[in-house]
Amino acid sequence: MEEFQQYTPRTGTRSVKWDLIEDFYQDKDVLPMWVADMDFKTPQAVTDALTSRVEHGIFGYTIPDQDVKESITGWLHDRHGWETETDWITFSPGVIPSLHMIIQSLTEIGDNVLIQTPVYPPFYSVVKDHGRHIVKNPLLHKEDRYEIDFEDFENKIKDNQVTMFILCNPHNPVGRVWTKQELEEMSRICRKHGVKIAADEIHADLILPPNKHIPIASLSEETNQQTVTCLSPTKTFNLAGLQASYVITANKEDKKKLDKHFKNQGMMMLNTLGITAMEAAYTHGSDWVDALTEVLKEHRDYVIQRLENETGSVRALPIEGTYLLWLDCSQMGLSQTELKKFMQKEARVGLNDGASFGEEGRGFMRLNLAAPMSTLEEGVTRIIKAVQTFEQS
């Protein structure tokens, strides 16, 4: 656990989170707790593999060979009980590029695509940018938990002739890890109406105990054939800058269409160091992830308890997965513009604007937990002091 509490300065590394503070907030003293990467070093086994590869000194065209593919299928089997095959894998520089490719290759211009809001902002653009239309199935906010409105889910699919559903599991930003029963019901409705599922499961390994991630494609062969799953080690092992991800597609016709689209866009190869890091992480990183998720659980509980004990108008939802905490600030009675300004100017913390996840995110902000406790404590204390002053005014 000690390795997760060591502070490593990131300024001067061209870090989006740390080196663009003044550009984003016009204040170099704002503490950045927004963008979804971690302030933890990647596992030593990954660093060692990268160091060894760098010392070789030649970085020509590099293939993700059978060993790399088997590190992926082995990880999915050992971590999630999901039996996959290496020829189901399509490599990609990232989940967002993958979603763009999926929308373009497996839907048609003018099609309607269902998303569950509030949700990760690129879900909107990957649909709208390609002439498809968004249909929203808003999640139901019930006190400290979000649930799926299944009646609305099916009605929206029927009434709008939806052809694809983009699933976020674990859900970003609300932190739900969908249960087997919830996944089965979504899959049943999609099968009934001929709807393909594009599953963004990039946070699949970041599950806070005792919750468990279930890949929706693992439910049954029928669901497997209707689903395309996007995954990556980059969130899990803090490798986002190496841009290495993959898509799992069991349906041969869908994979053929998807691979053709990737090829047409010139996305046929990963970078050398991304391949090296992926294999090392999936081969040697299991114990590190177990330790990480315990730390994230402790950090989640710390923030929840402090906000509950020391403020009356801001609370954190008890997320089940991811390292992104959804803060309910609605009791402050501020407009979203005022709330953003308050967190930036009064609390001096850089958080994600809840409204960027959709209208349903108004009154919320998103906070990144994945930092040493010293950083987290400083950020939470800043928020609490500012809120206490606001409440007393």
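Between Asp353 and Lys340 a salt bridge is recorded (basic side-chain N to carboxylate O distance below 4.0 Å). In this structure, Glu294 does not pair ionically with Lys297, as no charged nitrogen and carboxylate oxygen lie closer than 4.0 Å. A salt bridge does not link Arg191 to Glu222: none of the charged nitrogens lies less than 4.0 Å from a carboxylate oxygen. Under the 4.0 Å criterion applied to side-chain N and carboxylate O atoms, Asp111 and Lys196 are not assigned as salt-bridge partners. A salt bridge is absent between Arg188 and Glu184; no separation between the charged side-chain nitrogens and carboxylate oxygens falls under 4.0 Å. Under 4.0 Å is where a charged nitrogen must lie from a carboxylate oxygen, and between Asp290 and Arg79 at least one such pair does. Arg176 and Glu182 are joined by a salt bridge, as a carboxylate oxygen and a charged side-chain nitrogen come within less than 4.0 angstrom of each other. Ion pairing between Glu320 and Arg145 holds under the 4.0 Å rule for side-chain N and carboxylate O. Under a 4.0 Å N-O distance rule, the pair Arg10/Asp39 qualifies as a salt bridge.
Between Glu279 and Asp67 the shortest side-chain heavy-atom distance falls below 4.5 Å. Taking the side chain as every heavy atom from C-beta outward, Ile102 and His261 never approach each other to under 4.5 Å. Contact check for Ile275 versus Phe91: no side-chain heavy atoms found under the 4.5 Å cut-off. In this structure, the side chains of Gln226 and Cys190 come closer than 4.5 Å at one or more pairs of heavy atoms. Annotation: side chain of Pro209 is in contact with side chain of Thr293 (closest heavy-atom distance under 4.5 Å). Between Met332 and Glu338 there is no side-chain heavy-atom pair separated by less than 4.5 Å. Arg382 places a side-chain heavy atom less than 4.5 Å from the side chain of Leu31. Between Pro97 and Met267 the shortest side-chain heavy-atom distance falls below 4.5 Å.
Relative orientation of the His100 and His130 rings is perpendicular, given thresholds of 30° and 60° on the angle between their planes. Using the six-membered ring where Trp is involved, Trp288 and Phe237 have ring planes that are parallel, under 30° apart on the 30 and 60° scheme.
Here the side chain of Gln116 pairs no donor or acceptor atom with the backbone of Leu139 at under 3.5 angstrom. Panel note: side chain Asn112, backbone Asn160; a donor-acceptor pair is recorded below 3.5 Å. Between the side chain of Thr62 and the backbone N or O of Gly60 there is at least one donor-acceptor pair closer than 3.5 Å. At distances below 3.5 Å, not a single donor-acceptor pair connects side-chain atoms of Ser52 with backbone N or O atoms of Asp48. At least one donor-acceptor pair under 3.5 Å links the side chain of Thr389 to the backbone N or O of Lys385. Between the side chain of Asp65 and the backbone N or O of Val68 there is at least one donor-acceptor pair closer than 3.5 Å.
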**OP:** Output, in order, the C-alpha distance, side-chain angles, deciding distance and verdict of side chain to side chain donor-acceptor pair (under 3.5 Å) for Glu391 and Ser313.
**Re:** CA-CA 8 Å; Glu391 291 172 343; Ser313 55; 2.6 Å; yes
Subject >> Stepwise salt bridge (Lys or Arg N to Asp or Glu O under 4.0 Å) check, Arg14 with Asp19 >> reply: CA-CA 6 Å; Arg14 301 189 175 100; Asp19 286 324; over 6 Å; no
Subject >> Worked verdict on Thr84 versus Thr229 for side-chain contact (heavy atoms from CB on, under 4.5 Å) >> reply: CA-CA 11 Å; Thr84 57; Thr229 305; over 6 Å; no
Subject >> side-chain contact (heavy atoms from CB on, under 4.5 Å) assessment of Thr234 paired with Leu242 >> reply: CA-CA 8 Å; Thr234 56; Leu242 295 182; 5.7 Å; no
**OP:** Report the C-alpha separation of Arg366 and Trp34 in whole Å, then their side-chain angles, then the decisive distance to 0.1 Å, and conclude whether the side-chain contact (heavy atoms from CB on, under 4.5 Å) test is met.
**Re:** CA-CA 7 Å; Arg366 193 187 74 171; Trp34 63 288; 5.8 Å; no
**OP:** Under the side-chain contact (heavy atoms from CB on, under 4.5 Å) rule, what do Ile72 and Leu231 come out as? Steps first, then yes or no, please.
**Re:** CA-CA 10 Å; Ile72 292 171; Leu231 291 157; over 6 Å; no
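Side-chain contact annotation: Thr90 with Asp259, donor-acceptor N/O pair under 3.5 Å present. The closest side-chain donor-acceptor pair between Asp301 and Gln305, if any, does not fall under 3.5 angstrom. Between the side chains of Arg53 and Thr276, no donor-acceptor pair is found at a separation under 3.5 Å. Using modelled atom types, one finds a donor on one side chain and an acceptor on the other under 3.5 Å when comparing Thr117 with Glu360. Using modelled atom types, one finds a donor on one side chain and an acceptor on the other under 3.5 Å when comparing Gln66 with Thr86. A side-chain N or O of Glu221 and one of Gln225 form a donor-acceptor pair less than 3.5 Å apart. With no hydrogens or angles considered, no side-chain donor-acceptor pair links Ser245 and Ser232 at under 3.5 Å.
Cluster annotation: Phe165 and Ile115 are assigned to distinct hydrophobic clusters (Ile/Leu/Val/Met/Phe/Trp/Tyr, side-chain heavy-atom contacts under 4.5 Å, transitive). Using a 4.5 Å cut-off between side-chain heavy atoms of Ile, Leu, Val, Met, Phe, Trp and Tyr, with links allowed through other members, Leu339 and Val303 fall into the same hydrophobic cluster. The hydrophobic cluster containing Val119 does not contain Leu140, counting ILVMFWY residues as joined when their side-chain heavy atoms lie under 4.5 angstrom apart, directly or transitively. Residues Ile197 and Leu76 do not share a hydrophobic cluster, defined by chaining ILVMFWY side chains whose heavy atoms lie under 4.5 Å apart. One hydrophobic cluster, built from ILVMFWY side chains closer than 4.5 Å, holds both Tyr323 and Leu325.
Between Leu114 and the choices Val127, Ile157, Ile166, the side-chain contact (heavy atoms from CB on, under 4.5 Å) rule is met once, by Ile157. Exactly one of Tyr120, Tyr124, Trp326 qualifies for a ring pair (Phe, Tyr, Trp, His ring centres under 6.0 Å) with Phe357. That residue is Trp326. The side-chain hydrogen bond (donor to acceptor under 3.5 Å, both in side chains) test with His213 singles out one residue from His203, Glu201, His80, and that residue is Glu201. Ile216 pairs with exactly one of Asn224, Leu167, Asn169 by the side-chain contact (heavy atoms from CB on, under 4.5 Å) rule, that one being Leu167.
Atom CD of Glu85 has more than 12 heavy atoms from other residues, nucleotides or ligands within 6.0 Å. The environment of CD in Gln161 is sparse: at most 12 heavy-atom neighbours from other residues, nucleotides or ligands sit within 6.0 Å.
Outside the 6.0 Å centre-distance limit, the rings of His299 and Phe4 are not counted as a close aromatic pair. Note: Tyr246 and Trp88 fail the aromatic proximity criterion, with ring centroids not under 6.0 Å apart.
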